[in-house]
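Notes to accompany the following structure.
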Amino acid sequence: MLDHGLGPDNFTFPFVLKACSSLSALQEGKDIHEHVIRTGWESDVFVGASLIDVYAKCGCVGDARQVFDKILVRDVVLWNSMLAAYSQNGHPDEALSLCREMAWTTGFRPTVATLVTVISASADIAALPQGREVHGFCWRHGFETQDKVKTALVDMYAKSGFLKVARRLFERLKDKRVVSWNAMIAGYAMHGHASEALALFEEMKKEALPDHITFVGVLSACRHGRLMDEGWKFFESMVRDHLIEPTVQHYTCMIDLLGHAGRLDEAYDLIVRMSVRPDSGVWGSLLNSCKLHKNVELGEQALERLIELEPDDAGNYVILSNIYAQAGKWEGVAKLRKFMQERGLKKSIACSWIGVKNKDHAFLAGDVFHPQSDEIYAELKRLGGLMTEAGYVPDTGQVFHDVDKDEKMSMVHGHSERLAIAFGLISTPSGTRLRVTKNLRVCDDCHVVIKFISKITEREIIVRDVNRYHHFKDGTCSCGDYW
DNA sequence: ATAGGGTTAG
């Protein structure tokens, strides 16, 4: 077109940018962006929304935001594009605050797309107070009747641990599409409700055609329920009866099932001979299983692969370090720490949060910034006494740093999930279920402690960590102590 | 004639 001497206009750019977006072609997108600037179309909302989408699909949220900021006369689709850019790139908090800004500056006339995006952002951080607020908004403005909004709400309530609410909304869908079934099945699966997930899958087969995502849900239900035989049955049936080629996520479920069961060599064999390229999730699952079953050699191999795939992820080094520590191989711990220091890698900062009276309260390990900090620590101390009476012995094996024993104790005692739980206990009526979210894995010792707390205080405590949900009740956890 | 949204992840 350019060779023919024709200049692109405001209609040309969106078409060609959409092509970039579906190919995740960042360099081409940037070239076209320059062309947009040269031809003076950068303040066009259609061109801008397309550019934001290209940058979002390529993971460049900052570039997307620059495009957004240059456009001063915005329409609802432009806002939605920017919200989606945040939401899809792991910045759900930014999406929610941009949504507030949108409400403030534009008078907030959202569309179905706005709400779906914001609800899914709330779901991703299980930010229930915001999610409920959006749900209320949907209801008051007649959006709740829309199936797409309702499906997003099903996902949000499921991820926030309200499976019954999710199910009630799911049953009220006018037309259950595959996406809705998938959200509900995955919801049961991630909470370890394997039988509900599988029952729903049987029901689904009568009404809709399962897709590859349905099977991720089904296999992950088997995984969380440790249903090895059923898992393989579904895996084989997926390929044979449904003609679905297994993706890396399907393999991850199977490798995780084998690994958790201690069949580490079989898990390794499956990684080597599977038809798709193993990603960091696959090796991460194997590394985690090596920790559960104390296998140093295979753990080292898994870390080698992970260093190739995601060298900057500190969590991987920490897990191998834990494996070394369990085995008493302190030279391995020291070697890893040196390696991390040389590369400037730091453990991510742990953070837990809990919603109380429609407000989220966040805690870092050992922090004293909460206004009720003194009462929180007093409550932890009180519980500590009761736990010792009940037979609790602290396990500081997972403390990464090589510090003395007392210091290790205090580090573990101030873990963020404990602060969040203690705050929940002192600020809600007895018997109230607590729901805590954490950005990392729950450590072994906290897991033991929370089991004790659930029994001593007679509370149900739901902790959503980075991998899965833990439902603590009466001294036990739904994960069966494997996570 | 052009742009945005729901389901999967160690």
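In the text below, chain A, chain B and the rest are named by the order of the sequence lines, each starting its count at 1. Nothing here was measured: the structure is a model prediction, and the numbers come from that model.
- Look at CD on Q88(A): it is 13 Å from C1' on dT7(B), rounded to the nearest Å.
- Whole-Å rounding puts the I119(A) CD1 to dT7(B) P distance at 11 Å.
- At whole-Å resolution of the value, CE in M274(A) and P in dG10(B) are 14 Å apart.
- A search for ring-ring contact (aromatic ring centres under 6.0 Å, His included) contacts involving W139(A) returns nothing, not counting sequence neighbours.
- Annotation: ring-ring contact (aromatic ring centres under 6.0 Å, His included) contacts of Y157(A) (sequence neighbours excluded): H135(A).
- Across all strands, N10(A) comes closer than 4.0 Å to base atoms (heavy-atom distances).
- Legend: residues meeting salt bridge (charged side-chain N to carboxylate O under 4.0 Å, His left out) with E245(A), ordered by chain and number and at least two apart, are absent.
- With hydrogens and angles left out, the side-chain atoms of Q27(A) and D31(A) include a donor and acceptor closer than 3.5 Å.
- Counting non-hydrogen atoms under 4.0 angstrom, S289(A) reaches nothing in the nucleic acid.
- Applying the side-chain hydrogen bond (donor to acceptor under 3.5 Å, both in side chains) test to N182(A) and every residue at least two apart in sequence or in another chain returns D211(A), T214(A).
- In this structure, CG of L83(A) is placed 12 Å from P of dG6(B), rounded to the nearest angstrom.
- Near DNA chain B, defined here as any heavy-atom distance below 4.0 Å, there are no residues from residues 165-174 of chain A.
- Annotation: proximity of residues 28-52 of chain A to DNA chain B (heavy atom, distance under 4.0 Å) is found for V45(A), F46(A), A49(A), S50(A), numbered in ascending order.
- Straight-line distance from the CZ atom of R277(A) to the P atom of dA9(B): 22 Å, rounded to whole Å.
- Straight-line distance from the CG atom of L78(A) to the P atom of dG5(B): 13 Å, rounded to whole Å.
- For Y251(A), the ring-ring contact (aromatic ring centres under 6.0 Å, His included) test picks out F235(A), with sequence neighbours left out.
- Among residue pairs with one or both ends in residues 229-239 of chain A, those qualifying as side chain to side chain donor-acceptor pair (under 3.5 Å) are S237(A)-D241(A); sequence neighbours excluded.
- In terms of phosphate contacts, K150(A) brings no side-chain nitrogen or oxygen within less than 4.0 Å of OP1 or OP2 of dG6(B).
- Shown here is R277(A), whose CZ atom has no more than 12 heavy atoms of other residues, nucleotides or ligands within 6.0 Å.
- Side chain to side chain, D53(A) and S21(A) meet the donor-acceptor criterion of an N or O pair below 3.5 Å.
- Within the structure, the ring pair (Phe, Tyr, Trp, His ring centres under 6.0 Å) test picks out the following pairs touching residues 189-217 of chain A (sequence neighbours left out): H191(A)-Y469(A), H191(A)-H471(A), H193(A)-H471(A), F201(A)-F215(A), F201(A)-F234(A), F215(A)-H242(A).
- Counting only heavy atoms from C-beta on, P14(A) has its side chain closest to dT2(B) among dG6(B), dT2(B), dG5(B).
- The stretch residues 235-256 of chain A comes close to DNA chain B through Q249(A), T252(A), D256(A), each having a heavy atom under 4.0 Å from the strand.
- Among the protein residues, L306(A) comes within range of the nucleic acid bases, having at least one heavy atom under 4.0 Å from a base atom.
- Computed from coordinates, the F15(A) CZ to dA3(B) C1' distance equals 10 Å when rounded to whole Å.
- Candidate nucleotides dT2(B), dT7(B), dA3(B) were compared by shortest atom distance to the side chain of F11(A), and dT2(B) ranks first.
- Here the P atom of nucleotide dG5(B) and the CZ atom of F143(A) are 17 Å apart, to the nearest Å.
- Nearest nucleotide to the S285(A) side chain, out of dG6(B), dT8(B), dG10(B): dG10(B).
- Applying the ring pair (Phe, Tyr, Trp, His ring centres under 6.0 Å) definition to pairs two or more places apart or across chains, those involving residues 79-100 of chain A are F68(A)-W79(A).
- OP1 or OP2 of dG10(B) sits under 4.0 Å from a side-chain N or O of R223(A).
- Across all strands shown, Q146(A) has no heavy atoms under 4.0 Å from either base or sugar-phosphate atoms.
- Comparing atom distances between the S220(A) side chain and each of dA9(B), dG6(B), dA3(B) picks out dA9(B) as nearest.
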Below 3.5 Å, can you tabulate the donor-acceptor pairs from side chains in residues 6-20 of chain A to any protein atom, sequence neighbours excluded?
from, atom 1, to, atom 2, distance (Å)
D9(A), OD1, F11(A), N, 2.9
D9(A), OD1, T12(A), N, 3.0
D9(A), OD1, T12(A), OG1, 2.9
T12(A), OG1, D9(A), N, 2.9

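- Residue side chain N316(A) reaches the base of dG10(B) through a donor-acceptor N/O pair under 3.5 Å, judged by distance alone.
- A salt bridge does not link R343(A) to D312(A): none of the charged nitrogens lies less than 4.0 Å from a carboxylate oxygen.
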